[in-house]
Amino acid sequence: MSAAVHSPELVRLAELVSGSRSVVALTGAGISVPSGIPDFRSPGTGLWENVDPMEVAHIDAFVRDPAAFWGFYGQRFATLEGKRPNGAHRALVRMEQAGLLRAVITQNVDMLHRKAGTGDLIEVHGSIATCSCSACSHPAPLEVARERLLEAGDGVPRCERCGSPMRPDVVLFGEMLPRAALERAHDLCQEADLLLCIGSSLEVHPVASLPVVTLRAGGAVAIVTQGLTPLDDVATVRLDGDLEVVLPALADELGLAPLAADPAFDADRA
Ligand code: ZN
């Protein structure tokens, strides 16, 4: 048990959550780190170590050289394969199921909130769950796209309908965020009386502006992440520490039962 478990800040956060009508979580890469998925903004982390993500995962790179793009993205899929949600993802499910959390807005594309069982999930950067045709938008599930990638002679998975290169349904660098998801996220943050910011450095726009939406509407912001953020001074509660410890401790402090089963064991769920 970590010292975070009974810290005054944790107790204060639990009071804030239980005293709020509408709590919304905003999550970033930090929540997936305990699942073994490195945050590419941290230097020296595996797959991203020798590449500039803003170059290789850019829409211009896909258009210019889809084989090179897929050379990288295929590795990324392989890295994410088999990764499981951790106690932090599950703590948010516990809160949602108890009626203490309205929705989760995430910047992550790794499907771990889905696998954990989050019901109302807004994936503002898309998800690796599907790919779609870059020309006719015909979709394919991740597994199908991966098979086509493995079978492709030229390293490019192609649309079964028109033969054009497929792309992952994630927001690439140089692209706009999906409007509907962003509008829903904005509305949720406006209506939230508590926005729980988890595992995000709150530096990547436009998602970084969501806490400001909550604050301007009169709501409070709590920040649970390792390292500093630009909004630390305006947060009502600020918790550092291991998310895999802190969030389950929060759910415990709220008196919530553990999940009956780990839905991640259902391989078909995602
Ligand atoms: Zn097509």
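We number each residue from 1, following the sequence as shown. All ligand and atom numbering here is 1-based and tracks the order in the structure. All values below come from the heavy atoms of this structure, side chains included, with hydrogens, waters and symmetry mates left out.
- The pair Asp193-Arg102 does not meet the salt-bridge criterion, since no charged nitrogen lies less than 4.0 angstrom from a carboxylate oxygen.
- Applying the side chain to side chain donor-acceptor pair (under 3.5 Å) rule to pairs touching residues 217-229 yields Thr229-Asp232, sequence neighbours excluded.
- Between Glu175 and Arg167 there is a salt bridge, since a side-chain N of the basic residue sits under 4.0 Å from a carboxylate O of the acidic one.
- Around the Zn ion (ligand 1), protein atoms of type N, O or S found under 2.8 Å number 4.
- Note that CG of Leu188 and CG of Asp120 are 6.5 Å apart. Values are rounded to the nearest 0.5 Å.
- Under the 4.5 Å side-chain criterion, counting only non-hydrogen atoms from C-beta, Leu254 is in contact with Ser18.
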### Message
For a salt bridge (Lys or Arg N to Asp or Glu O under 4.0 Å) check, start with the C-alpha distance between Asp110 and Arg84, then their side-chain angles and the critical distance, and finish with the verdict.
### Response
CA-CA 10 Å; Asp110 55 31; Arg84 305 267 304 277; over 6 Å; no

